[in-house]
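Structure record follows, encoded as structure tokens.
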Amino acid sequence: MFLYNIYDGQAVDVYIPEKPPQKFKGYISQISGKLDNISRSMEVALIIPNDEKSVLYNGLYVKTKINIKGKEKILTINPSCLVTLNSPEQHVIQVKDDSTIHFLKIKHGRDLDDRIEILEWLKGDELLITNIKDVLKEGQKVKYQK
């Protein structure tokens with residue numbers, strides 16, 4: 001089963017928060033396939049080889065690292081670029097070559113904590129404004145630092 005860039009048999013790194021340098025290798029054995037609408041998560045079962053010398057035991061809380069990079073490249077932006085303009089859509093502010101600004105509507109995907117996945121309407125070469133604090137207007141000239 002292939003779902004959301006994870007699949008059965010995919011390698012997973014498992015960490016015990018109290019013992020950060022220790023890493024265990026496992027793999028995905030089952031994916032529930034049902035996305036929880038509230039938490040936007042799904043259950044995944046892992047198989048982790050465990051021998052008598054291991055520190056793994058029942059009820060232990062662990063953290064995992066799953067490489068969810070698909071074959072396709074994804075475009076991401078800093079969340080501080082997002083602007084809501086009295087509408088349900090979200091926008092970003094692009095600085096054009098002549099130092100004027102232009103509001104671009106975007107369609108975003110997954111929230112990756114420190115990045116937001118962009119699904120449509122950006123090419124990836126736009127110069128975007130972050131940490132917008134002032135009221136900016138379409139076509140306004142701005143001074144900026146890269």
Side-chain angles (χ1 to χ4, degrees), residues 1-49 55-56 58-146:
M1 177 181 207
F2 183 82
L3 188 63
Y4 301 103
N5 294 332
I6 63 171
Y7 52 89
D8 291 344
Q10 182 175 6
V12 176
D13 291 333
V14 179
Y15 304 88
I16 301 172
E18 292 80 25
K19 300 179 182 194
Q22 275 191 305
K23 178 171 66 171
F24 302 90
K25 293 281 187 187
Y27 63 91
I28 296 174
S29 66
Q30 294 177 337
I31 303 171
S32 71
K34 183 177 185 304
L35 184 66
D36 182 298
N37 290 333
I38 295 171
S39 67
R40 295 188 51 103
S41 64
M42 68 176 61
E43 291 183 13
V44 175
L46 305 176
I47 300 291
I48 305 164
V55 294
L56 297 174
N58 288 341
L60 180 68
Y61 284 91
V62 297
K63 290 187 175 188
T64 60
K65 182 177 180 182
I66 302 173
N67 183 358
I68 60 168
K69 294 177 183 170
K71 291 180 182 175
E72 75 284 349
K73 292 184 179 180
I74 60 171
L75 177 63
T76 62
I77 63 169
N78 185 319
S80 66
C81 293
L82 295 176
V83 179
T84 305
L85 300 171
N86 298 327
S87 70
E89 292 114 8
Q90 290 198 307
H91 296 76
V92 292
I93 301 176
Q94 175 189 17
V95 179
K96 296 183 144 205
D97 292 338
D98 63 355
S99 296
T100 61
I101 60 170
H102 175 62
F103 289 84
L104 296 171
K105 183 172 121 176
I106 56 130
K107 180 176 181 184
H108 67 82
R110 296 174 289 185
D111 181 344
L112 305 170
D113 291 331
D114 63 336
R115 308 298 292 164
I116 301 288
E117 178 183 32
I118 301 300
L119 302 175
E120 292 180 15
W121 300 305
L122 285 183
K123 294 181 282 182
D125 59 352
E126 296 88 354
L127 181 61
L128 303 178
I129 295 179
T130 59
N131 299 320
I132 299 137
K133 295 184 174 148
D134 297 326
V135 177
L136 299 174
K137 295 181 180 161
E138 180 72 33
Q140 178 179 342
K141 280 209 176 259
V142 294
K143 291 181 183 177
Y144 63 93
Q145 291 180 330
K146 286 189 178 183

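Every value quoted in this text rests on a predicted model; they were computed, and no experiment measured them.
- With rounding to the nearest 0.5 Å, the separation of CG in L60 from CD1 in I16 is 5.0 Å.
- The environment of D97 atom CG is sparse: at most 12 non-hydrogen atoms of other residues, nucleotides or ligands sit within 6.0 angstrom.
- Partners of E43 according to the salt bridge (charged side-chain N to carboxylate O under 4.0 Å, His left out) rule, which considers only residues two or more places apart in sequence or in another chain, do not exist here.
- Two residues are said to be in side-chain contact when any heavy atoms from C-beta on lie closer than 4.5 Å; V92 and I118 fail this criterion.
- Residue K25 is tested with D13, V12, I48 for a side chain to side chain contact (heavy atoms under 4.5 Å, CB included); the sole match is D13.
- Between atom CG of residue L136 and atom OG1 of residue T100 there is a gap of 12.0 Å, rounded to the nearest 0.5 Å.
- With rounding to the nearest 0.5 angstrom, the NZ atom of K63 is 16.0 Å from the NZ atom of K23.
- From I47, atom CD1 reaches atom CD of Q30 across 7.5 Å, with rounding to the nearest 0.5 Å.
- With hydrogens and angles disregarded, no donor-acceptor distance shorter than 3.5 Å links the side chain of Q10 to the backbone of D8.
- The two residues I31 and M42 come nearest to each other via the heavy atoms CG2-SD, 3.5 Å.
- Closest approach of H102 to L104, counting heavy atoms only: CD2-CD2, 3.2 Å.
- Nearest heavy atoms, Y27 versus G9: CB-O, 3.9 Å.
- The two residues G26 and P49 have their closest heavy-atom pair at CA-CD, 4.4 Å.
- Of all heavy-atom pairs spanning E138 and F103, the tightest one is OE1-N, 3.0 Å.
- Between T130 and S80, the closest heavy-atom pair is CB-OG, 3.4 Å.
- Atom NZ of K141 has more than 12 heavy atoms from other residues, nucleotides or ligands within 6.0 Å.
- The NZ atom of K96 sits 11.0 Å away from the CD1 atom of I101 when rounded to the nearest 0.5 Å.
- With values rounded to the nearest 0.5 angstrom, L82 atom CG is found 4.5 Å from Q90 atom CD.
- Looking only at atom types and distance, the side chain of H108 has no donor-acceptor partner in the side chain of E117 under 3.5 Å away.
- Put simply, the side chain of I28 reaches to within 4.5 Å of the side chain of L46, judged on heavy atoms.
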Working for side chain to side chain contact (heavy atoms under 4.5 Å, CB included), residues N78 and R115: CA-CA 5 Å; N78 185 319; R115 308 298 292 164; 3.6 Å; yes
